[in-house]
There are 2 protein chains.
Amino acid sequence: MAAHGRRNTRLSGDDRQDAILATAEKLLEERALEEISVADLAQGAGISRPSFYFYFSSKENVLLVLLERVISEVQHRVAALPRNFEEEPAAAWRHSIGAFVDVFAAHRAVSAAAMTARLRNSDVHDLWSKSMQSWADYSTEVILAERARGAAPEGVEAHDLAVALNLMNERVLSAAFSAEAPSVNQHNVLDVLAAIWISSIYGTGTIGPAAAGRAGSAAP
Amino acid sequence: MAAHGRRNTRLSGDDRQDAILATAEKLLEERALEEISVADLAQGAGISRPSFYFYFSSKENVLLVLLERVISEVQHRVAALPRNFEEEPAAAWRHSIGAFVDVFAAHRAVSAAAMTARLRNSDVHDLWSKSMQSWADYSTEVILAERARGAAPEGVEAHDLAVALNLMNERVLSAAFSAEAPSVNQHNVLDVLAAIWISSIYGTGTIGPAAAGRAGSAAP
DNA sequence: TGAAAGAGTCAACACAGTGTCGATAGATTG
DNA sequence: CAATCTATCGACACTGTGTTGACTCTTTCA
């Protein structure tokens, strides 16, 4: 693909670019993007600060490329999953959620930095926003299909439910991987998320057939 | 309370401090804290930039005070609620969640800024973290009580469930109030959150008595 | 083979923002 | 009417960003 030709002495542009990306991912494991200066990235890649700008327009731009890679990895993982919601709905949801858990765990530094950067960088914001929308749309479709075949009851608007559950995953995974103060243990996180998804999609949303005597439902 | 004595001419220290806080809350409705300089705050309060540092050690410190106020408002609202989970569990949860929705809606700018600042300012992080923990602990207690009286079934660890649900609220409200790309409409947000809380606390977490014929539960 | 083109590099600069210091001015108190 | 406390701000040092323009390799092709 790449038209390499140069050798030895000076490193090629592609190598420098990769070196910057690698430096960024490495430094992000130690500290936030805000605490990493362009000078740090340049030094890590063995170039001067102004040279950095030859490759990227800003350090946020470096993160954007890193995030693109992570997102495309999630897409591939989810796309490769069998969509057997009819036979084993609980397992199917669990596997989908598991794909997110795995990929974000593997790139927790980039993910965490992206969550922060989204708030001040519009490119990162747009990319993340677009991805979240596509995941929410996918979830919505499946929920509607489950309702249509009678496996899931009607309840709150399917799209709203899907959005809320996807946002929950984002936040809970973020907290778990950065070991924030109140957070779900990394080893339980898949169980907890799956349980909430499944009960809120397949449960009635009113207090129904629990363990003891049924309580009256308030909603009309 | 405050020992005022001065008059006229020069504004008193308390007034200046309030002016800074008011300016900050107002400017935060337009742009992020990062895009607000200390000079902007000083100008808004009618003082010079160095004078600002007489009142606050940094602009993050201003936000911290603003956040303290919002959090204490939530605490008061929640504490004032009747704890009638036994009679009307669905309504009780809904009212608690409603308190958060109302207060954060009323101070959405401060809340949003705090969510961002938490990631780089340790004081804001600690305050938010402490509050989230106390809310999660409270939720855990109620879930355990509901399980003990047989109203809610056993399931995933109560504390993990409580943490995940509280983090969901944080993220979903954040998204709703800043009208992010995938977000739940502000008018539905309470319904959606309440539905998820209730079904995940009172539902089994396995696919059970839905609309169509009951599927077997996998858990032993 | 040697000059033009292109890729890559960086010293130096302009700029914006933060936080500090020290000198000062107005009120308050004994 | 001094001493003192509160409040104020000009001027400074510092850190980090992004740009400019001149320079040096390397490749290519006449």
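Chain naming here is simple, since letters A, B, ... match the order of the sequence lines and numbering starts at 1 in each. Only this structure's heavy atoms are used, side chains among them; waters, hydrogens and symmetry mates stay out.
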Pairs: protein N or O with nucleotides 9-13 of chain D N or O, under 3.5 Å:
| residue | atom | partner | partner atom | Å |
| --- | --- | --- | --- | --- |
| dC9(D) | OP2 | Ser48(B) | N | 2.8 |
| dC9(D) | OP2 | Ser48(B) | OG | 3.2 |
| dC9(D) | OP2 | Ser51(B) | OG | 3.2 |

Whole-Å distance, Ile36(A) CD1 to dT15(D) P, equals 19 Å
Round to a whole Å and report the spacing from OH of Tyr53(B) to P of dG22(C).
-> 18 Å
Report all side-chain donor-acceptor pairs from residues 35-44 of chain B shorter than 3.5 Å, counting only partners two or more places apart or in another chain.
| residue | atom | partner | partner atom | Å |
| --- | --- | --- | --- | --- |
| Glu35(B) | OE1 | Ala32(B) | N | 3.2 |
| Ser37(B) | OG | Ala39(B) | N | 3.4 |
| Ser37(B) | OG | Asp40(B) | N | 3.1 |
| Ser37(B) | OG | Asp40(B) | OD2 | 3.3 |
| Asp40(B) | OD2 | Arg31(B) | NH2 | 2.8 |
| Asp40(B) | OD2 | Ser37(B) | N | 3.0 |

Can you tell me the distance, in whole Å, between the CZ atom of Phe52(B) and the C1' atom of dG19(C)?
-> 11 Å
Taking atom C1' of dG8(C) as reference, at what distance in whole Å does atom CD1 of Ile20(A) sit?
-> 12 Å
Calculate the interatomic distance between Leu41(A) atom CG and dG16(D) atom P; express it in whole Å.
-> 13 Å
Of all the nucleotides listed (dG19(C), dT9(C), dG16(D)), which has the minimum atom distance to the side chain of Ser37(A)?
-> dG16(D)
Would you say a side-chain N or O of Tyr55(B) is under 4.0 Å from OP1 or OP2 of dT8(D)?
-> yes
When you check the phosphate oxygens OP1 and OP2 of dT17(D), does a side-chain N or O of Lys59(A) lie under 4.0 Å from one of them?
-> yes
Is any side-chain N or O of Arg16(B) closer than 4.0 Å to OP1 or OP2 of dT6(D)?
-> no
Only counting residues at least two apart or in another chain, list the ones meeting side chain to side chain contact (heavy atoms under 4.5 Å, CB included) with Asp102(A).
-> Arg77(A)
